[in-house]
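Reviewing the structure listed below.
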Amino acid sequence: MSRRHAAIRRARGQWAVEDLGSRNGTRLDGRRLDGTAPLQPGSVLRLGGSLFVLAHRKVQAAALDDSELVGSSGVMDDVRRAVAAVAAHPNSVLLTGETGTGKEVVAGALHRASGRAGRFVAVNCGAVSEGVLESELFGHRKGAFTGAVADKEGLFAAADGGTLFLDEVGEMPPGLQVRLLRVLETRTVRPIGSTRERAVDVRVVAATNRDLVQEVRLGKVRADLFARLNQWPVHLPPLRERREDIPELSRALLARRGEGRALSLGLLEALLVHRWTLNVRGLANVLGVAAIASPADQPLELTEQVAAMLEADRAMAEPVVDPAALMRTMPTVPMVKRPSPTPDADAVAEALRANNGSVAAAARAVGASRQQIYRLIESEGWDLDTFRE
Ligand SMILES: Nc1ncnc2c1ncn2[C@@H]1O[C@H](COP(=O)(O)OP(=O)(O)O)[C@@H](O)[C@H]1O
Ligand SMILES: [Mg+2]
């Protein structure tokens, strides 16, 4: 950094940065700064060899200390506080946030902070069929259905005294939602094929990357189940709203792979300014590529492979413009019959004349439907008689 490199000022509630004619320049969000520019929370500044992120808020003392949960930004501090506040209470907790924002990590931290002696048991409600999920959750008796060769304890029973994490809860089939609600209300489970109920003491933590209120309105999630799960909502902000956590998260994610090397300035800047469609999971992937692609005994670099990973992650967030591709990515949307193009009026007039005013024959001749021909006759104000001999 130059001795007088740049100035950061606040005027009328807005932060701004000005380069003071520094020797090697100032970069803002990955681009060279010319003169003065406004700063927003999350803005990434590079002054010489130092990187800065304008934090969203001042960080207060963290209320929850969990070695698995990394990140000390102000917004993560909110998450820690919310988790610490509810931990000892029996409330069901609903974790919302984009994919890869750490919902499962937070669920684990919540379980540890709860002091509950039982196990932490996780189940993905969207990954298996309704029948399999039902017997996974509630268990079954031997012989309850074909293939039930022995009694099986369900995950509710396994989590007795502990925490059951229901991941992707918005994808739970409607039939099971009713059963789940019953279990949550009566605090008892009855395995499939059994006539006995068993009392369970389970703290439920549910997670979703969908807008559950919207899912309730669409009739996909029962309102009564939503109410039973949403007794303490915690939202996990996307990584792009807490860029200041990226250096710390990167160190932790690399340490998990036994990687202790530092990041080059160029790589760190690229990570800081990226939009992170896949959030922390995406960051872990990119770092995994950087660790392999960078020369040994050197800081991790922004190699071609790393740049390609970042580009793929970025492209994922782009709106799909090709309607055919859009249809392919949305198999659940009922196929809308594409209207055939309106037949050419001149060609239809000629076909009507050639077929003595027969609409059916003219329609066949131009490859249109009869309705389309009638519509055209109406819109053109034709009299069918004029096409007859
Ligand atoms: N705050 C965090 N601290 C440490 N690791 C994290 C954090 N958030 C996410 N991760 C890591 O990122 C990956 C995705 O996290 P996960 O909890 O599975 O996300 P989600 O359930 O929201 O899709 C996991 O490998 C997890 O360990
Ligand atoms: Mg997950």
Side-chain angles (χ1 to χ4, degrees), residues 42 53 55-56 59 62-84 87 92-113 120-128 133 136 155 163-172 204-212 215 229-230 232-260 263 271-272 274-291 309-310 313 316-317:
V53 180
H56 286 252
V59 182
L64 176 84
D65 192 18
D66 189 285
S67 60
E68 302 284 310
L69 184 63
V70 178
S72 46
S73 57
V75 276
M76 276 310 281
D77 198 50
D78 285 346
V79 171
R80 290 170 191 279
R81 272 165 208 289
V83 168
S92 298
V93 175
L94 182 62
L95 303 174
T96 58
E98 293 178 9
T99 185
T101 47
K103 297 185 290 296
E104 188 153 357
V105 178
V106 168
L110 173 58
H111 171 67
R112 288 183 287 276
F120 175 79
V121 177
V123 56
N124 187 324
C125 302
V128 290
L133 182 59
E136 285 279 310
L155 297 176
T163 304
L164 181 62
F165 177 55
L166 300 173
D167 205 0
E168 307 302 351
V169 75
E171 280 162 47
M172 182 173 272
V204 169
V205 180
T208 180
N209 55 19
R210 299 190 183 182
D211 177 354
L212 273 199
E215 300 286 296
L229 296 174
N230 191 34
W232 186 262
V234 179
H235 179 66
L236 293 197
L239 189 53
R240 62 188 161 280
E241 289 176 16
R242 45 180 160 121
R243 298 180 188 279
E244 58 270 44
D245 285 342
I246 289 175
E248 194 185 346
L249 275 168
S250 298
R251 266 193 301 281
L253 293 168
L254 286 169
R256 280 187 206 165
R257 343 177 6 122
E259 175 61 71
L263 309 185
L271 300 182
L272 286 172
H274 190 65
R275 88 172 296 284
W276 296 115
T277 315
L278 300 179
N279 295 292
V280 183
R281 189 175 286 117
L283 176 63
N285 281 349
V286 168
L287 289 167
V289 169
M309 289 285 283
L310 290 172
D313 185 89
M316 231 177 285

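As the structure lists them, so they are numbered: ligands from 1, and atoms in each ligand from 1.
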- Return the set of residues passing side chain to side chain contact (heavy atoms under 4.5 Å, CB included) with Val70 (not counting sequence neighbours), or none when no residue passes. Glu248, Leu249, Ala252
- Query: Judged by modelled atom types alone, do Thr99 and Asn209 share a side-chain donor-acceptor pair under 3.5 Å?
  - Reply: no
- Item | Asn279 and Thr101: side chain donor to acceptor below 3.5 Å | no
- Those residues that, when tested against Arg210, pass side chain to side chain contact (heavy atoms under 4.5 Å, CB included) (two or more places apart): Glu171, Thr208, Glu215
- Item | Qualifying salt bridge (Lys or Arg N to Asp or Glu O under 4.0 Å) pairs, either residue in residues 95-112, two or more places apart | Asp66-Arg112, Glu98-Arg240
Enumerate, one pair per line, all nitrogen or oxygen atoms of ligand 1 lying under 3.5 Å from a protein nitrogen or oxygen, stating the separation to 0.1 Å; write 'none' if no such pair exists.
unit_1, atom_1, unit_2, atom_2, d
ligand 1, 1 (N), Val70, O, 2.9
ligand 1, 3 (N), Glu68, O, 3.4
ligand 1, 3 (N), Val70, N, 2.9
ligand 1, 5 (N), Arg256, NH2, 2.8
ligand 1, 17 (O), Lys103, N, 3.4
ligand 1, 17 (O), Glu104, N, 3.0
ligand 1, 17 (O), Val105, N, 3.2
ligand 1, 18 (O), Arg281, NH2, 2.9
ligand 1, 19 (O), Gly102, N, 3.2
ligand 1, 21 (O), Glu104, N, 3.3
ligand 1, 22 (O), Thr101, N, 3.3
ligand 1, 22 (O), Gly102, N, 3.1
ligand 1, 22 (O), Lys103, N, 2.9
ligand 1, 22 (O), Lys103, NZ, 2.8
ligand 1, 23 (O), Gly100, N, 2.8
ligand 1, 23 (O), Arg281, NH1, 3.4
ligand 1, 23 (O), Arg281, NH2, 3.2
ligand 1, 27 (O), Arg256, NH1, 2.8
ligand 1, 27 (O), Arg256, NH2, 3.3

- Classify the angle between the aromatic ring planes of Phe165 and Phe120 as parallel (below 30°), tilted (30 to 60°) or perpendicular (above 60°). parallel
